[in-house]
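These figures come from a predicted structure and were not determined experimentally.
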Amino acid sequence: MDQPPPPRPSEAMEAQAPWRVLEFYSGIGGMRYSLASSGVRAEVVEAFDINDVANDVYERNFGHRPCQGNIQTLTASDLDKYKAHAWLLSPPCQPYTRQGLQKHSADARAFSFIKILNLMQNMNFPPQMLFVENVVGFEVSDTHDQLIEVLSSLNFNTQEFILSPLQFGVPYSRPRYFCLAKHESMCFHNPSVNNKLLRTPTCLTLNSSTTQNSYEQNEDVLEAVCKPIRDFLQIHIMDTVDQDCSATTSDFKKAGGCTPSETGSHDYTVPLSLIEWWGNAMDIVYPESKRCCCFTKSYYRYVKGTGSLLATSKDHKPVPKENLEFSSLNELGLRFFSPREVANLHSFPSSFCFPDHISLRQQYAMLGNSLSVAVVAPLLRYLFAEA
C-alpha cells in the first residue's frame, strides 16, 4: 500500500468534514435511510446498483441516481478516487438463502461482492470501516470466510450480529446477519466483543458498560414489548374486505398459490379461492398482533411463506390458526399488507414513496429485498462512534 488511508474527521473538524461513505447494492435506499436515522454526520459520495428500476426509486427519494452498472467492472483506482472512509454493502442474498441452491461463492450473484472485497487489498485509500448486511446463513458460507480473511489481512477488527426488528420494538420477524468492521487504528466502543457473533443488541448501548451477550430473548418475550401491528397500518385502507369475491380457483396457479395481476385499484383483498387452496399455509395476523412474518420479494405473487396476511374483520377475535376452518377463514376479511405498510414495518420514513410507473409487484419485490432501518440505524451509530 503506497499511501496511508485518508484521515478520519476529528471532533473539531467533524462539522466541516463528514465521513465519506460509499453505498454498494443501494436498492431503494434502506441503507441510506438508516445512515440518516443514525444521526451520524456522513455524506454518501456515491451509490452503486445494477437495477434500473431500484435506481428510479432511489433517485425519486434522494435526488441522486446511483451509478448503474456491474460492480464487477470497478477497479481499485475507480474506488480510490472517492477516498471513502466507510463502505456500506448489502450484497445479493440468493446464494445463501435456505430456499436457494446455497452455492455460496460459486453463485454468479456473489462474484461482485468478492471482487470488491479483493480490490481493498490493492487500494491506496481503502475504507477504514465496513458494514455488511445479508440473510442468516451468510455467516456459515465460504463467502463469509473470504470476507473475514480479507478483513484480517488488512488488520480490521470485526463484530458480527444476528438481529431482528423484534428486538427493537417493531412487530416484524426479520432476522438478518450484520458484520461491522473497523481498521485496528480505530476502536469499537465495546472492544471486548471483537471477533464475536452476538444475537442481542446489548453492546450497542454507547452509554453503558454492558458488553456481554448477557441475556437471551425468545420471540415470545420480545413480542410482549413490541408495538401492535395496528400502529403500522394505513388508516384509509378499508377495514373489511368484500366477501363476495367473484374470482374462481381456475384464476390462479394452484401449484404456487399465485394471486392475480394487480389492477389500478390496488385491491389487497385475498380472494376466497386462494383461501380455499392455501388457507392452511397462510400466516394470519390481526391489528392487535405484535409479530408478523418476514415479507419476501414474492409477497403478493404467492401466499405461502412470503409474509403475513392481515385479518380485518372487527367481528372476529384472534384464534389459533389450527382451530380455524375454511368457513372461519373466509370470514376474517383477509387482505395483503400494502407496500406502504410493509415500508412502515421496515421503519422507512413517511416521506418514502415509489414513482408512479413502478408496478405493485415491483414495489413488493424491492421492499422484500430491502432492510430494516430500525435495526441498521443503531448498528451504524455504533460503528461510527468514537471509542
Straight-line distance of Leu380 CG to Leu180 CG, nearest 0.5 Å: 7.5 Å

Side chains of Val170 and Ser372 in contact at under 4.5 Å (non-hydrogen atoms): no

Whether Ser152 side chain and Glu149 backbone form a donor-acceptor pair below 3.5 Å: no

ring-ring contact (aromatic ring centres under 6.0 Å, His included) against Tyr177, all qualifying residues, sequence neighbours excluded: Phe138, His144

Beyond-backbone contact of Asp52 with Gln68, side-chain heavy atoms, under 4.5 angstrom: yes

Distance in Å, Lys182 NZ paired with Leu151 CG, rounded so as to fall on 0.5 Å steps: 14.0 Å

Non-hydrogen side-chain atoms of Asp78 and Leu119 separated by less than 4.5 Å: no

Beyond-backbone contact of His189 with Pro191, side-chain heavy atoms, under 4.5 angstrom: no

Worked check of side-chain contact (heavy atoms from CB on, under 4.5 Å) between His183 and Asn155: CA-CA 6 Å; His183 189 265; Asn155 300 315; 4.2 Å; yes

Side-chain donor/acceptor of Asn55 to backbone N/O of Arg65, under 3.5 Å: no

Exam field: side chain Arg20 to backbone Val45, donor-acceptor pair closer than 3.5 Å: no

Phe188 side chain near Cys203 side chain, heavy-atom distance below 4.5 Å: no

Val342/Phe348 under side-chain contact (heavy atoms from CB on, under 4.5 Å): CA gap, chis, key distance, verdict: CA-CA 9 Å; Val342 177; Phe348 276 38; over 6 Å; no

Phe168 versus Ala374, closest heavy-atom pair with distance: CD2-O, 3.6 Å

Heavy-atom pair with the smallest gap, counting every atom of Ser313 and Glu331: CB-O, 3.4 Å

Closest heavy-atom pair and its distance - Pro175, Val136: O-CG2, 3.6 Å

Cluster overlap Ile50 with Leu88, hydrophobic side-chain contacts below 4.5 Å: no

Under 3.5 Å donor-acceptor, Glu276 side chain and Leu274 backbone: no

Evaluation steps, side-chain hydrogen bond (donor to acceptor under 3.5 Å, both in side chains), between Ser347 and Tyr172: CA-CA 10 Å; Ser347 302; Tyr172 185 33; over 6 Å; no

Side chain to side chain donor-acceptor pair (under 3.5 Å), paired with Ser359, selected from Gln362, His357, Gln363: Gln362

Distance-only donor-acceptor check, side chains Ser112 and Tyr25, under 3.5 Å: yes

Check: Cys293 main-chain N/O paired with Ser308 side-chain donor or acceptor under 3.5 Å: yes

From Tyr302, Tyr300, Tyr268, residue fulfilling ring-ring contact (aromatic ring centres under 6.0 Å, His included) relative to Phe336: Tyr300

Under 3.5 Å side-chain donor-acceptor pair for Ser77 and Asp80: no

Sidechain-backbone polar pair: Lys115 side chain, Gln72 backbone, donor-acceptor under 3.5 Å: yes

Close side-chain approach of Phe337 to Leu233, heavy-atom, < 4.5 Å: yes

Heavy-atom check, side chain of Leu154 versus side chain of Gln121, under 4.5 Å: yes

Verdict with supporting geometry, Met120 and Phe156, side-chain contact (heavy atoms from CB on, under 4.5 Å): CA-CA 12 Å; Met120 289 176 60; Phe156 277 73; 4.1 Å; yes

Residue from Val376, Val132, Ile162 passing side-chain contact (heavy atoms from CB on, under 4.5 Å) with Phe178: Val376

Atom of Thr296, atom of Gly305 and distance for their closest heavy-atom approach: CG2-O, 3.9 Å

Minimum-distance pair of heavy atoms, taken over all atoms of His64 and Pro66: O-CD, 3.5 Å

Interatomic spacing from SG in Cys294 to CG in Asp283 - rounded to 0.5 Å: 11.5 Å

Distance, nearest 0.5 Å, that separates CD1 of Ile229 from CG of Asn344: 12.0 Å

Gln159-Asn194 side chain donor-acceptor pair, cut-off 3.5 Å: yes

Any donor-acceptor N/O pair, Ser164 side chain to Arg174 backbone, under 3.5 Å: yes

Verdict with reasoning, Leu79 to Met123, per side-chain contact (heavy atoms from CB on, under 4.5 Å): CA-CA 8 Å; Leu79 298 174; Met123 291 176 63; 3.7 Å; yes

Atom pair CZ/CG of Arg340 and Leu367 - distance to nearest 0.5 Å: 8.5 Å

Minimum heavy-atom distance Lys304-Ala281, with the two atoms named: CG-CB, 3.9 Å

Whether Glu59 side chain and Asp56 backbone form a donor-acceptor pair below 3.5 Å: no

Pair Phe295 + Tyr364: ring centers closer than 6.0 Å: no

Which atom pairs, one a donor and one an acceptor, fall under 3.5 Å between side chains of residues 30-39 and the rest of the protein, sequence neighbours left out?
{"from": "Arg32", "atom 1": "NH1", "to": "Tyr58", "atom 2": "OH", "distance (Å)": "3.0"}
{"from": "Tyr33", "atom 1": "OH", "to": "Asn61", "atom 2": "OD1", "distance (Å)": "3.4"}
{"from": "Ser34", "atom 1": "OG", "to": "Gly30", "atom 2": "O", "distance (Å)": "2.8"}
{"from": "Ser38", "atom 1": "OG", "to": "Leu35", "atom 2": "O", "distance (Å)": "2.6"}
{"from": "Ser38", "atom 1": "OG", "to": "Val40", "atom 2": "N", "distance (Å)": "3.2"}

Any donor-acceptor N/O pair, Thr312 side chain to Gly333 backbone, under 3.5 Å: yes

Set of side-chain hydrogen bond (donor to acceptor under 3.5 Å, both in side chains) partners for Ser90, sequence neighbours left out: Glu133

Salt-bridge criterion met for Glu46 and Lys81 (N-O under 4.0 Å): no

Validation row: Arg60, Ile358 side chains within 4.5 angstrom (heavy atoms): no

Leu204-Met186 co-clustered via ILVMFWY side chain contacts under 4.5 Å: yes

Flag, side chain of Asn190 to backbone of Ser192, donor-acceptor distance under 3.5 Å: no

Spacing of CG belonging to Asn134 relative to OG1 belonging to Thr143, to within rounding of 0.5 Å: 8.5 Å

Check: Tyr382 ring centroid to Phe384 ring centroid under 6.0 Å: no

